[in-house]
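Atom set for the values below is all heavy atoms of this structure, side chains included, hydrogens, waters and symmetry mates excluded. For clarity, every value in this text was computed on a predicted model and none was experimentally measured. In this chain, numbering begins with 1 at the start of the sequence shown.
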Amino acid sequence: MRKLTILDTVEDIYRALEGKAYLSALALALTIPDILSKVEYPDEGKVGIRYERWINEFFLTEEEKKARTEKLDKSDELTKVLNKLDGHFYYKLRCAFLHSGNNDVESMEGVDFELSFGCGECTSVFGYPDGPCWKHHVLSVYDFCMKMCAITEHLVEEWKSGAEKLDRLENTGIRLFSHDDMPRRI
């Protein structure tokens, strides 16, 4: 019997998206940081800390981080919402979705948050000066899953040539390859 690999997870996410099984794809994609953070941070025993750190370092691009800090005033309501979309948010989404079957993310208090099954995320804030303000964020499940798969495939390619990462993988029991594809060490 063939052992499962991280790339099997990626392939299943692609198949789920193709079949429009978006919640299945999301569930699998939300587990990828759990798996890959074990390799990146082997000495960190707390799952939440590893997960948040991995998202902040690998999932959130430098451009996204700069857009949050440079383009908008820190007191701006839109900036406040965008700054909530970090490793902590994705970890809370993971916990809510995988353990409770919902998308009630505690860190999004005061923001209407929903999932979209199409492409494109959107964050909006509207209201009156010194009046009521409505905040809304829509996360594209499709975009999230595709980005998570692309990052995973990129890291796997990097790890193939790194003895340290291969040792960490072996120590955690995570497999990048099936037995037939396993690179031979000298």
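Here S116 contributes atom OG and Y142 contributes atom OH; the two are 12.5 Å apart, rounded to the nearest 0.5 Å. For the atom pair OG1 of T31 and CZ of F97, the computed distance is 11.0 Å after rounding to the nearest 0.5 Å. How far CG of L26 is from CG of L139: 7.5 Å, rounded to the nearest 0.5 Å. Rounding to the nearest 0.5 Å gives a distance of 11.5 Å between NZ of K147 and OG of S140. Note that CD1 of I151 and NE2 of H154 are 9.0 Å apart. Values are rounded to the nearest 0.5 Å. For the atom pair CH2 of W159 and OG1 of T152, the computed distance is 8.0 Å after rounding to the nearest 0.5 Å.
Residues that satisfy the salt bridge (charged side-chain N to carboxylate O under 4.0 Å, His left out) test with E40, not counting sequence neighbours, are K165. The salt bridge (charged side-chain N to carboxylate O under 4.0 Å, His left out) test applied to E18 returns no partner, not counting sequence neighbours. For R50, the salt bridge (charged side-chain N to carboxylate O under 4.0 Å, His left out) test picks out no residue, with sequence neighbours left out. By the salt bridge (charged side-chain N to carboxylate O under 4.0 Å, His left out) test, E114 pairs with no residue at all, sequence neighbours left out.
The closest side-chain heavy-atom distance from L30 to F144 is below 4.5 Å. Using a 4.5 Å heavy-atom threshold, the side chains of F89 and I55 count as separate. With contacts defined as side-chain heavy-atom distances shorter than 4.5 Å, the pair E44/K38 does not qualify. Side-chain contact between W54 and I35: absent, with no pair of heavy atoms (C-beta onward) separated by less than 4.5 Å. Looking at L60 and D86, their side chains come closer than 4.5 Å, going by heavy atoms from C-beta outward.
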Hey, mind stepping through M148 and I13 against side chain to side chain contact (heavy atoms under 4.5 Å, CB included) and telling me if it holds? CA-CA 10 Å; M148 198 60 74; I13 292 169; 5.7 Å; no
Give the C-alpha distance, both sets of side-chain angles, the deciding distance and a yes or no for side chain to side chain contact (heavy atoms under 4.5 Å, CB included) between R94 and V47. CA-CA 12 Å; R94 167 216 178 265; V47 173; 4.1 Å; yes
Given side chain to side chain contact (heavy atoms under 4.5 Å, CB included), test E153 with E157 step by step and report yes or no. CA-CA 6 Å; E153 291 168 332; E157 281 304 310; over 6 Å; no
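Y51 and Y90 have their aromatic ring centers separated by at least 6.0 angstrom.
For residues 24-45, no residue pair satisfies the ring pair (Phe, Tyr, Trp, His ring centres under 6.0 Å) rule, not counting sequence neighbours. Note on residues 16-38: pairs passing ring pair (Phe, Tyr, Trp, His ring centres under 6.0 Å), not counting sequence neighbours, are Y22-F117.
Residues S24 and A16 approach most closely at CB-CB, 4.4 Å, considering heavy atoms. Smallest separation of non-hydrogen atoms from N56 and G87: OD1-N, 2.8 Å.
The hydrophobic clustering, which links ILVMFWY residues whose side-chain heavy atoms are closer than 4.5 Å, places I49 and Y91 apart.
Salt bridge absent: D104 and K92 never bring a charged side-chain N and a carboxylate O closer than 4.0 Å.
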